[in-house]
2 protein chains.
Amino acid sequence: MNIGEASNVSGVSAKMIRYYESIGLIRPPLRTDSNYRVYGDDEVHVLRFVKRARTLGFSVEETSTLLGLWQDKSRASAEVKDIATGHITALETKIAELQGMVKTLKHLAHCCGGDNRPDCPILDDLAGEPTPKGH
Amino acid sequence: MNIGEASNVSGVSAKMIRYYESIGLIRPPLRTDSNYRVYGDDEVHVLRFVKRARTLGFSVEETSTLLGLWQDKSRASAEVKDIATGHITALETKIAELQGMVKTLKHLAHCCGGDNRPDCPILDDLAGEPTPKGH
DNA sequence: CCTTGACCTTCCCATCATTGGAAGGTCTAT
DNA sequence: ATAGACCTTCCAATGATGGGAAGGTCAAGG
């Protein structure tokens, strides 16, 4: 099948398929006489693997490692688990960070009348003036 | 003061100060005869505002709008609140997304022995094979 | 006066993952 | 033969930041 169909069935855009090939994440496929890329079921399987890993937030780098481990029949699951748990930790750190932002913003928004007066605790906070009434 | 000191007291790197100036987020400051940028308290106040907004996850674009509203003495707080609450929503969406990833990964990691056997539910999932024993 | 080192200037490049587009070749169906 | 839907490569942009080169400037000390 052509790159377009491979894209459809894998969920990876044609652009990205070419990009993944260019950076060596996936192997260059066979070509037709007219230089079109040709994909088979195995290649699509790889693309689906990549898609799923990226969807779960693994970086391309991590995906590359996972792909190597997947294709290595003798690999140990320990390494895979390490990558996954490391990624979980990173995600949780990011989540905590975002939650901190949300908490602060909600507090500020709650203090803000949101009316037509020029008074605004949100801007006051951004400007560095302490928000009084720490409700 | 020079850009280095302005950077120290505002927490914005010199690189970023120049960048913010180049994209028009902040105004070009005065220059000495030898072409050094000169910052005063007002400029530092702006830099702090920008720093705080960025820390709270506002994009440069949003920060620019907030900065305009801050400097507009007659602004209404309604617009500020809209931007803030919109940002909160975006953050919460992002958080939910990350939490979904974490949930899936934790499930997979839980099912994974992490031992030296080549068996690995994490890879199986990535490969598209259903994880059995949906424990 | 001269040197040293810490500062400053501009300019270009790299990152990460992805998208967009131009210019041109190919395939399929009418 | 031609239309239009595909494919190819190559180049550029995104957003926010960091790195670094090449060169100018300033203050302190020998």
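In what follows, chains are A, B, ... by sequence order, proteins preceding strands, each numbered from 1.
Nucleotide D:dT14 holds its C1' atom 14 Å from the OH atom of A:Y19, rounded to whole Å. Straight-line distance from the CD atom of B:E21 to the P atom of C:dT10: 7 Å, rounded to whole Å. Atom CD1 of B:I23 and atom C1' of D:dT17 are 11 Å apart (whole Å). In this structure, A:E61 places its CD atom 11 Å from C1' of C:dC16, rounding to the nearest Å. The nearest whole Å value for the distance from the CG atom in B:N35 to the C1' atom in D:dC26 is 14 Å. Summarising the geometry, the separation between CG on B:N2 and P on C:dG5 is reported as 20 Å, rounded to the nearest angstrom.
Contact annotation: B:S34 does not reach the phosphate of C:dT9 (side-chain N/O to OP1 or OP2, under 4.0 Å). One finds a side-chain N or O of A:R31 lying less than 4.0 angstrom from the OP1 or OP2 phosphate oxygen of D:dT9. In this model, the phosphate group of D:dT17 is approached by a side-chain N or O of B:Y20 to a distance below 4.0 Å at OP1 or OP2.
As judged by a 4.0 angstrom heavy-atom cut-off over every strand, A:R37 is placed among residues touching the sugar-phosphate backbone only. Using a 4.0 Å heavy-atom distance criterion, B:S13 is classed as a sugar-phosphate-only contact. Using a 4.0 Å heavy-atom criterion, one finds that A:S59 contacts the sugar-phosphate atoms exclusively. Within the 4.0 angstrom heavy-atom criterion, only backbone atoms of the sugar-phosphate kind lie near A:R54; the bases stay farther away.
Counting heavy atoms from C-beta on, the side chains of B:E43 and B:I26 never come closer than 4.5 Å.
Ring geometry for B:W70 against B:F49 counts as parallel: the plane angle stays under 30°, on a 0 to 90° scale with 60° as the upper cut.
Side-chain proximity of A:I3 to the nucleotides C:dC8, C:dT19, D:dC7 is greatest for D:dC7. Relative to the side chain of B:M16, the nucleotides C:dT10, D:dT17, D:dT8 differ in distance, and D:dT17 lies closest. The side chain of A:R18 approaches D:dT9 more closely than any other nucleotide in the set D:dT9, C:dC8, C:dC11. Closest contact between the side chain of B:K15 and the listed nucleotides D:dT9, C:dG20, D:dG19 involves D:dG19.
The 5' end of DNA chain C is approached more closely, in terms of each residue's nearest nucleotide, by B:E5 than by the other of A:D33 and B:E5. Across the interface with DNA chain D, nearest-nucleotide mapping of B:F58 and A:G4 shows A:G4 to be the residue nearer the 5′ end.
Few gaps surround CZ on A:R31; more than 12 heavy atoms of other groups in view lie less than 6.0 Å from it.
Linking Ile, Leu, Val, Met, Phe, Trp and Tyr whenever their side-chain heavy atoms come within less than 4.5 Å puts A:I122 and B:V60 in one cluster.
At a cut-off of 3.5 angstrom, counting only N and O atoms as typed in the model, there is a donor on one side and an acceptor on the other between the side-chain of A:Y36 and the base of C:dG25.
Minimum heavy-atom separation, A:K51 to A:G11: NZ-O, 3.2 Å.
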